[in-house]
Amino acid sequence: FTKGMDKNAGFYTFYYDKDKGKVFIELNAFEQAFIFQSSMPRGIGSNDIGLDRGKLGDTRLVQFERYGEKVLLKQLNTYYQADSNNDAERQSINEAFASSVIAGFKVVASTNDTVLIDYTDFLLSDIQGAGRSLERRKQGSYSVDAKRSAVYPKRTKSFVQNTEFEALVTFKGNKPGEYVRQVAPDAYSLTVHMHHSFIKLPDDNYTPREFSPNSGMMSYEVKDYASAIDAPMEKRLIPRYRLEKKNKNAAVSAPVKPIIYYLDPGVPEPVRGALLDGASWWNEAFEAIGFKNAYQVKILPADADPMDVRYNVIQWVHRATRGWSYGSSVVDPRTGEIIKGHVTLGSLRVRQDLLIAQGMTSAFDGQPQKLAEAKAMALDRIRQLSAHEVGHTLGIAHNFAASANDRASVMDYPHPLITLDNKGDIVLNDGYDKGIGDWDKSVVAYGYSEFTGDEKAQLDEIQAQAKAKGLMFISDEDARPIGGAHPAAHMWDNGKDPVDELNRLIKVRGKALAKFGLDSLAQGVSLSQLQEKLVPIYLFHRYQTQAAVKLIAGVDYSYELKSNGPAQGSTIVAANRQKAALNAILATLDSDFLTLPEATLKLILPKAYGEYRNRESFKSRTGLTFDAVSIAEVAARHSVSLLLNPQRLNRLQQQTNNISVEQVIEGLFKHSIKAPQRSGLAGQIQQRVANVVVELMMQQLQSDNVSPEVKAVLYDKVVSLAKWIETNGGSALLAQQIKWFEKTGKWNAQIKLLPLPPGSPI
């Protein structure tokens with residue numbers, strides 16, 4: 001049967017029939033588990049769709065099983081386990097929980113106990129679920145067209161420990177969405193590549209390490225039904241590479257096998273040098289725990305396949321719009337051992353930092369050093385981004401409290417630290433930190449140190465030392481929610497005190513806006529591009545505002561474990577700090593803060609011929625012209641919605657001896673509806689802010705997420721506002737609508753609030 005075919009011997013031997021374009025796999029042993037990793041070597045190129053070049057799919061523990069002329073590829077259920085020597089106990093788990101047959105094959109030839117299966121159809125299938133992803137994102141209905149798909153032999157190879165298959169896969173579709181139309185030459189035909197990796201299971205010499213919530217490492221969890229009845233069933237391990245010293249008795253030793261990362265050779269300079277530099281920072285942490293040359297970064301060889309499981313890679317990935325970068329890993333589902341790290345770095349990220357730096361300094365004023373400083377700041381950020389995403393592939397979690405610890409970790413999301421010098425000029429040279437921080441070294445020590453004696457005691461000591469240094473650790477679940485409570489858990493911020501930093505940053509923003517204009521553009525660029533240049537400058541305070549608001553109804557806590565001593569528990573943020581945060585945020589609603597100078601507005605022209613507004617632009621209610629009132633609307637909506645977050649209001653109502661919901665509402669009224677009436681553009685902005693405040697209040701009054709106690713306060717404030725307007729003057733329409741709401745319980749919105757342009761990722 002295989003006569004004339006190309007034979008590829010290795011972990012799984014396969015044959016390629018180049019005449020028919022088919023792949024046949026040779027099988028002579030069944031029910032032997034291995035790791036099956038899917039991936040996507042060539043993607044669609046849209047951040048919104050998410051099907052990027054290099055995207056890893058699911059990591060599966062699978063095995064081939066033969067049933068007569070059928071061979072099935074079964075995915076084993078690895079979450080539910082029985083860590084027991086009792087075969088019957090293990091079998092009971094296998095029978096209790098479902099497995100998943102992910103592919104079926106027919107035997108096409110056999111010799112004695114060896115059979116051959118045709119793997120082609122499965123290789124040409126949608127293993128990544130791309131069709132489901134497109135449908136979920138409302139981008140159309142797509143399915144694989146086998147007639148326009150084929151095996152890709154250049155990346156189909158077999159080695160001793162792994163076998164790699166790749167295919168060109170074309171999807172046919174209808175009703176393509178906006179994002180598909182944006183990136184595809186023919187939106188009804190999407191051609192990508194799918195990759196399958198068969199990976200031999202690592203040997204049994206790897207020792208898993210227990211997870212601790214204060215370690216800074218990620219968690220890998222299984223449920224063990226063989227646990228003693230008085231022991232937890234959930235077993236949490238950390239994902240990590242297998243790293244061992246050659247000389248275990250030496251204080252410093254080379255590793256048995258180093259961790260080597262390979263950088264995409266397609267990265268241009270000077271970005272390539274910056275990525276190499278940043279990724280290499282982690283070597284300092286490994287040296288600190290006694291490893292020499294255990295962590296290395298090199299350029300990927302020209303003939304290497306980035307999806308080959310033998311290579312840890314850092315890929316430079318292009319998309320139509322800027323988006324997130326990722327650090328993913330192929331992990332042994334049984335133990336948590338990392339087999340391959342795969343970093344995806346979005347190529348447009350560096351341009352966003354360059355945009356911010358040039359805009360903040362009005363860098364095109366004829367002083368060459370300003371452009372050089374802006375470029376240097378952007379490269380500093382890309383160094384840190386490289387280190388950050390590699391950190392994830394090492395098994396390290398986010399630490400969003402690191403900014404409050406003097407930038408103690410590259411695993412935070414940093415905001416550029418832009419300052420004013422003694423002359424009041426904007427300075428960029430400390431925009432981003434350089435090198436890993438103290439927290440990063442502590443995490444690597446927990447994850448990768450080799451111990452003699454009591455491992456748990458030594459791991460506890462590493463965590464105790466970090467705590468003694470005052471290092472904090474707060475991760476995603478506590479930092480990402482806008483209604484979060486932890487005063488140090490936030491992204492894109494700086495400084496020990498969020499309020500002090502917000503007040504400082506407002507001054508920097510004011511300086512940047514005062515200079516914003518022609519010097520914000522390069523020669524020959526249309527003035528209409530000032531619209532996009534303005535966005536990150538005008539909204540420069542947006543993330544520090546998110547940081548400061550978490551002091552309001554804030555609760556300070558840590559991931560505390562029970563110990564022999566008394567528990568620290570949680571502490572409500574002091575009332576004076578909450579009040580300071582409220583005042584700082586309310587200041588971002590003042591018309592002086594939100595109104596641009598007339599000279600600046602005069603320069604921001606409608607879009608030049610051949611140019612268009614895009615997602616990075618402010619929305620407008622004035623047609624083609626720049627809308628100076630609506631930009632104030634979106635900025636105000638940001639601050640007000642943070643203050644009126646349902647979870648925050650509910651907590652505030654329950655906290656005693658503190659600022660109250662009433663104070664928050666009265667503060668909003670004082671800085672909008674009840675503020676002394678301004679004239680001109682500032683007056684129009686003041687009126688728009690008032691509309692934003694009332695509209696968001698009414699949304700919360702009708703929200704199921706707001707407690708009845710808070711609703712009572714909101715209702716009382718809304719009713720009293722109508723009476724105040726009648727007595728003191730103001731919008732008669734607003735007063736009338738409030739009365740209509742009192743009578744009917746229905747609110748007719750005065751305005752559909754505009755959204756902010758995207759900010760994350762900075």
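All values derive from a computational prediction rather than experimental measurement.
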Considering only heavy atoms from C-beta outward, does the side chain of L56 approach that of Q37 to under 4.5 Å? yes
Measuring centre to centre across the rings, with the benzene-like ring taken for any Trp, is H342 within less than 6.0 Å of Y261? no
Between the side chains of E461 and Q465, does any donor sit under 3.5 Å from an acceptor? yes
Determine whether the aromatic ring centres of residues Y448 and F286 are separated by less than 6.0 angstrom. yes
Value rounded to 0.5 Å, distance of CG in L471 from CD in Q463: 12.0 Å
Six-ring centre of F165, R155 cation under 6.0 angstrom, axis tolerance 45°: no
Ring centroid separation for H193 and Y152, is it under 6.0 angstrom? yes
With a distance cut-off below 6.0 Å to the six-membered ring centre and an angular limit of 45° from the axis, does R310 pair with F159 as a cation-pi contact? yes
Rounded to the nearest 0.5 Å, the OG atom of S39 sits from the NZ atom of K55 at a distance of 11.0 Å
Hey, could you give me the OH/CD1 distance between Y295 and I259, rounded to the nearest 0.5 Å? 8.5 Å
Check the angle between the aromatic planes of F198 and F34 and answer parallel, tilted or perpendicular using the 30° and 60° thresholds. tilted
Could you check whether R381 makes a cation-pi contact with Y432, meaning its NZ or CZ is under 6.0 Å from the centre of the six-membered ring and within 45° of the ring axis? yes
Nearest-0.5 Å distance that lies between atom OH in Y262 and atom CD1 in I314: 11.5 Å
Quick one: are the ring centres of F211 and Y220 less than 6.0 Å apart? no
For Y326 and H392, I'd like to know if the aromatic rings sit close, meaning centre-to-centre distance below 6.0 Å. no
Please assess E210 against K235 for the test salt bridge (Lys or Arg N to Asp or Glu O under 4.0 Å), listing each intermediate value before the final yes or no. CA-CA 8 Å; E210 286 190 8; K235 288 189 174 179; over 6 Å; no
Can a side-chain donor-acceptor contact be found between N47 and Y179 if the only test is distance below 3.5 angstrom? no
Over 12 foreign heavy atoms within 6.0 Å of NZ, K248: yes
When you look at R242 and E337, which way does the salt bridge (Lys or Arg N to Asp or Glu O under 4.0 Å) test go after all the steps? CA-CA 7 Å; R242 185 185 307 201; E337 179 181 359; 3.1 Å; yes
Interatomic distance, M307 atom CE to S38 atom OG [nearest 0.5 angstrom]: 9.0 Å
Output the distance between atom CG (L505) and atom OG1 (T419), rounded to the nearest 0.5 Å. 11.0 Å
Ionic contact status for E244 with K257, cut-off 4.0 Å: no
